[in-house]
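First the structure, in the form of structure tokens, and then the observations on it.
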Amino acid sequence: MHDLKAIRENPDQYDALWAKRGLEPLSKKILDQDALIRKAKQVVQEAEAARNKSSKLIGQAMAKGDKDEAERLKTEVAGAKNVIAAMGAQVDSEQAQLRDLLSGLPNVPFADVPEGEDEEANVELHKHLEPTKLDFKPKGHDELGEALGMMDFETAAKMSGSRFVVLSGMLSRLDRALAAFMLDLQTEEHGYVEHSPPLIVRSHALYGTGQLPKFKEDLYSASSSFHKFVDFISNIFDLESASKTGKIDFSNIDSSVLEFALKNTFQDEILSGELDLPFGKETEAYLIPTAEVSLTNIVRESIVDRETLPMRMTAHTPCFRSEAGSAGRDTKGMIRQHQFNKVELVSITRPEDSEGEHKRMLKCAEEVLRRLELPYRVVELCTGDLGFGARRTFDIEVWLPSQDTYREISSCSNCGDFQARRMNARYKHGEKDNRFVHTLNGSGLAVGRTLVAVLENYQNEDGSITVPKVLVPYMGGVELIK
RNA sequence: GGAGAUGUGGCCGAGUGGUCGAAGGCGCUCCCCUGCUAAGGGAGUAUACCUCAAAAGGGUAUCGAGGGUUCGAAUCCCUUCAUCUCCGCCA
């Protein structure tokens, strides 16, 4: 969400920054709308003031027993009420429009973020280690894993569909070892506090971090909305008598069928706005696409003490993504799954500290790959490749021998106060001065992709995998997976 | 999942249709008084937004949240969220 006051003061600057992300200039539209709303609001408020004043006089007249005067005043108030109703409705709808417009707008990049349309324009900042040289033809991680009998896509597909995997034996152990190693590093050496947050969150939490309302199709819904349907239609039909006669048993009706039926039945009413079906509302819940959502929302709707910043939090959680827009991409192997594990890093900082914290966070993520002795490079995303909520993003890309290229394994973003505004997260700056915090998030790292990188970079010609030194203690002393 | 109860300012707590943005207490801030172990007196003490060049001032909204009834709602009605108690189920 954007600061209307800031846009009011620097409309050109906002337009220029949005232009870098390929957006039309919008500040004039926003400010016109804002001016319209404020003007209408004033009218409403004046009418409300008049109504309040007269209502008090009515009370006084009634107390005195002067019924005639009270009646006279009542008719006087009627006019004000009309204004309030009419203008109030207009204000509500205008405000909803503006809110929709603003909440759909991405964050503005920092001025020095490299400009460009897509990932082609990302800027490589530095590299660590030379790409792994193998003196035989490198195999892909999926081929290696399947040959070991510890990575099974077919079995997963039978129960869950494509883009799922069953790991077993030492690969499952490796997954756990990686996560434990990452958590230990981030908590014991980098000062992040380990959390075990909810994996299911309400829609307002996702709105706060920016996944909603624009990216709903990327999320897995976990709504248990069936009872909402029943409650809702109970208000319309007399279900009690119907269920007594045994003619309707709603517990046997699938909720999606019911939704479909209701939407068809009340099509006209829905379109005209007369009827507001309780579908797709606040009560919805989703599986988290990243622990960034759960961790960042820990400070939502709160005012934290200045001294407690920066807050550094980490969590190892599964992440769930529908990958709706990526059909055909990375269809083989574990690179792009519907479910994967990730150790997430989140920092909550004062505004003046966020850029420094961002660099620090990047180092904390890089350190995982350094200790695993995996080759990687760091790129800064250009304006066109930035995520919705980010003002600046660093990606860490690990070397994958089978693909002969670097692939993203971590993404560290400074969101400024963008998310903080959407979730109303503030800190006490002064005695009577509460300001929005800055939020940052980064992967430290994606466990699944790290497992892929270990398999491919540590593979031997016979298909066995050498366990990276730092992981051996986490693997119960095992040094070779075969 | 069933039955019941509750949700008021930083905290406690009064308040069942009219001068209630909200008594009282605690806490906090400032001032005064008093030197004999700590107390007494007074004043102030929510947030957001709008208006105003700014301050002062004025206005609107907010008593978990959203909606409704009414000239007027903390108070009545509906929905919803959360908490507590009991029962059921369950890792």
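rG9(B) and rC28(B): their C1' atoms are spaced 14 Å apart (whole Å). When the C1' atom is used for both rG68(B) and rA48(B), the distance is 25 Å, rounded to whole Å. Rounded to a whole angstrom, the distance from the C1' atom of rA3(B) to that of rG88(B) is 11 Å. rU75(B) sits 16 Å from rU62(B) when the C1' atoms are compared, rounded to a whole Å. Comparing the same atom, P, in rG7(B) and in rA65(B) gives a spacing of 13 Å after rounding to whole Å. Nucleotides rU85(B) and rG67(B) are separated by 32 Å at their P atoms, to the nearest Å. If you take atom P in rG27(B) and the same atom in rU79(B), they sit 43 Å apart, rounded to whole Å. Between rU37(B) and rG42(B), the distance separating the two P atoms is 23 Å to the nearest Å.
Considering only side-chain N and O atoms, N52(A) lies nowhere under 4.0 angstrom from the phosphate OP1 or OP2 of rG18(B). Within the structure, every side-chain polar atom (N or O) of K53(A) is placed at least 4.0 Å from both OP1 and OP2 of rG59(B). At the phosphate of rU51(B), OP1 or OP2 sits under 4.0 Å from a side-chain N or O atom of R38(A).
A straight line from CG of L4(A) to P of rA48(B) spans 16 Å, rounded to a whole angstrom. In this structure, E48(A) places its CD atom 13 Å from C1' of rU62(B), rounding to the nearest Å. Rounded to whole Å, atom P of rC49(B) lies 16 Å from atom CZ of R99(A). Across the protein-nucleic acid pair, K56(A) atom NZ and rA73(B) atom P stand 11 Å apart, rounded to whole Å. We find that CD1 of I84(A) is positioned 12 Å from P of rC71(B), with the value rounded to whole Å. Regarding I37(A), its CD1 atom lies at a distance of 16 Å from the C1' atom of rU60(B), rounded to whole Å.
Of the candidate nucleotides rA82(B), rC71(B), rU60(B), rA82(B) has the atom lying nearest to any side-chain atom of R202(A). Among the nucleotides rC50(B), rA48(B), rC71(B), the one closest to the side chain of R51(A) is rC71(B). Each of rA48(B), rC50(B), rG72(B) was ranked by its minimum atom distance to the side chain of Q45(A); first place goes to rC50(B). Nearest nucleotide to the Q42(A) side chain, out of rG18(B), rG72(B), rU51(B): rU51(B). Proximity note for K5(A) (side chain, C-beta onward) versus rC50(B), rC71(B), rA48(B): the nearest is rC50(B). Nearest nucleotide to the side chain of K41(A), out of rC49(B), rC71(B), rA61(B): rC49(B). Of the candidates rG21(B), rC50(B), rU60(B), the closest approach to any side-chain atom of A49(A) belongs to rU60(B).
Ionic pairing of K158(A) and E154(A) is not present here: no N-O contact between side-chain nitrogen and carboxylate oxygen is shorter than 4.0 angstrom. A salt bridge links D112(A) with R392(A); the closest basic N to acidic carboxylate O contact falls under 4.0 Å. The pair E323(A)-R163(A) does not count as a salt bridge, with every side-chain nitrogen at least 4.0 angstrom from each carboxylate oxygen.
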Test side-chain contact (heavy atoms from CB on, under 4.5 Å) applied to M150(A) and S172(A), step by step: CA-CA 8 Å; M150(A) 302 173 187; S172(A) 185; over 6 Å; no
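For the pair L287(A) and F320(A), the tightest heavy-atom approach, listed with the atom from each and the gap, is CB-CD1, 3.6 Å.
Remark: rC63(B) base-pairs with no nucleotide in the shown strands. Criterion, Watson-Crick or G-U wobble with two distances under 3.5 Å. Under the Watson-Crick or G-U wobble criterion, with both distances below 3.5 Å, rA5(B) is paired with rU83(B). Under the Watson-Crick or G-U wobble criterion, with both distances below 3.5 Å, rC33(B) has no partner in any strand shown. The base-pairing partner of rC28(B), taking Watson-Crick or G-U wobble contacts with both distances under 3.5 Å, is rG44(B). Nucleotide rA39(B) is matched to nothing when pairs are restricted to Watson-Crick or G-U wobble geometry with both distances under 3.5 angstrom. Under the Watson-Crick or G-U wobble criterion, with both distances below 3.5 Å, rA55(B) has no partner in any strand shown. Across all strands shown, nothing is found opposite rG21(B) as a Watson-Crick or G-U wobble partner with both distances under 3.5 Å.
Residues D92(A) and R8(A) each lie close to RNA chain B; by heavy-atom proximity, the contact nearer the 5' end of the strand is made by R8(A). Comparing K74(A) and V44(A) along RNA chain B, the residue whose closest nucleotide (by nearest heavy atom) sits nearer the 5' end is V44(A).
Considering only heavy atoms from C-beta on, T314(A) stays 4.5 Å or farther from H190(A) through its side chain.
For the pair N414(A) (side chain) and A390(A) (backbone), a donor-acceptor distance under 3.5 Å is absent.
Ring-centre distance between H2(A) and F418(A): below the 6.0 Å cut-off.
Across all strands, L73(A) comes closer than 4.0 Å to no nucleic acid atom at all (heavy-atom distances).
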